Amino acid sequence: MAASAVRWSCVRCRVSAGRIDGERVALPATWTRAEEGTLCLSCSRALAADAAIESAPDESSREDLTRIRRTALIEFEISRSPDAPNRTIAQACRTSTGAVAAIREAAIEPAAGAPERRRRDSH
């Protein structure tokens with residue numbers, strides 16, 4: 001059985017979730033537990049974007065940082081809900097379905113492309 005609490009609070013933004021009647025409730029499905037503590041979905045997304053920005057090269061332009069942030073958010077959402085349609089992920093990330101499809105395709109291509117090359121090389 002999952003742990004429960006009367007109220008869950010995000011360690012980053014301090015938003016809380018719980019039942020109005022004060023009954024114990026399981027951790028909300030979109031929340032996560034991390035080293036920092038319990039995080040709401042919004043803060044989990046923000047941390048994924050922040051980590052990507054921090055790892056960007058120092059000479060990155062504003063446009064580069066925007067692209068890096070968007071990519072990190074899309075990758076986060078794909079990893080969180082791999083079966084979610086591109087449209088759902090695009091709405092969550094406030095981007096286009098084309099951007100989601102491109103990132104999803106790029107993640108699939110290296111794994112799928114390797115066997116193709118081996119088969120072609122063996123002929």
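Not measured: the values here are computed from a predicted model. When reading the values below, keep in mind they use all heavy atoms of this one structure, side chains included, and skip hydrogens, waters and symmetry mates.
- When hydrophobic clusters are built by joining Ile, Leu, Val, Met, Phe, Trp and Tyr residues whose side-chain heavy atoms come closer than 4.5 Å, directly or via intermediates, L27 is grouped together with V15.
- For residues 83-103, the side chain to side chain donor-acceptor pair (under 3.5 Å) pairs, not counting sequence neighbours, are N86-R104.
- The two residues R24 and S4 come nearest to each other via the heavy atoms NH2-O, 2.5 Å.
- Distance check, rounded to the nearest 0.5 Å: CD of E75 to CD1 of I103 gives 6.0 Å.
- Here the closest non-hydrogen pair linking L73 and A49 is CD2-CB, 4.0 Å.
- Looking only at side-chain heavy atoms (C-beta outward), T71 and F76 stay at 4.5 Å or farther from each other.
- Here the closest heavy-atom approach between residue L39 and residue A34 is recorded as CD1-CB, 3.8 Å.
- Residues that satisfy the salt bridge (charged side-chain N to carboxylate O under 4.0 Å, His left out) test with R7, not counting sequence neighbours, are absent from this structure.
- Residues forming a salt bridge (charged side-chain N to carboxylate O under 4.0 Å, His left out) with R19 (at least two apart in sequence, or on another chain): D21.
- Summarising the geometry of S9 relative to S16, their closest heavy-atom pair is OG-CB, 3.6 Å, with the distance given to 0.1 Å.
- Residues meeting the salt bridge (charged side-chain N to carboxylate O under 4.0 Å, His left out) test with R80, sequence neighbours left out: E77.
- What you find for P28 and W8 is that their closest heavy atoms are CD-CD1, 3.7 Å.
- In this structure, R70 has no salt bridge (charged side-chain N to carboxylate O under 4.0 Å, His left out) partners at least two apart in sequence or on a different chain.
- With respect to the salt-bridge test (charged N to carboxylate O, under 4.0 angstrom), the residues D50 and R45 do not qualify.
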Taking distance alone, no hydrogens or angles, what donor-acceptor pairs closer than 3.5 Å link side-chain atoms of residues 57-68 to residues at least two apart or in another chain?
residue, atom, partner, partner atom, Å
S60, OG, P57, O, 2.8
S61, OG, E63, N, 3.4
S61, OG, E63, OE1, 3.4
S61, OG, D64, N, 3.1
S61, OG, D64, OD2, 3.3
D64, OD1, R67, NH2, 2.5
D64, OD2, S61, N, 3.2
T66, OG1, R62, O, 3.0

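- With hydrogens and angles ignored, the 3.5 Å screen pairs no side-chain donor or acceptor of S81 with any backbone N or O of I78.
- In terms of heavy atoms, T38 sits closest to W31 at CG2-CE3, 3.5 Å.
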Self-check item: Derivation and outcome, side-chain contact (heavy atoms from CB on, under 4.5 Å), residues C13 and C40
Solution: CA-CA 8 Å; C13 71; C40 68; 3.8 Å; yes
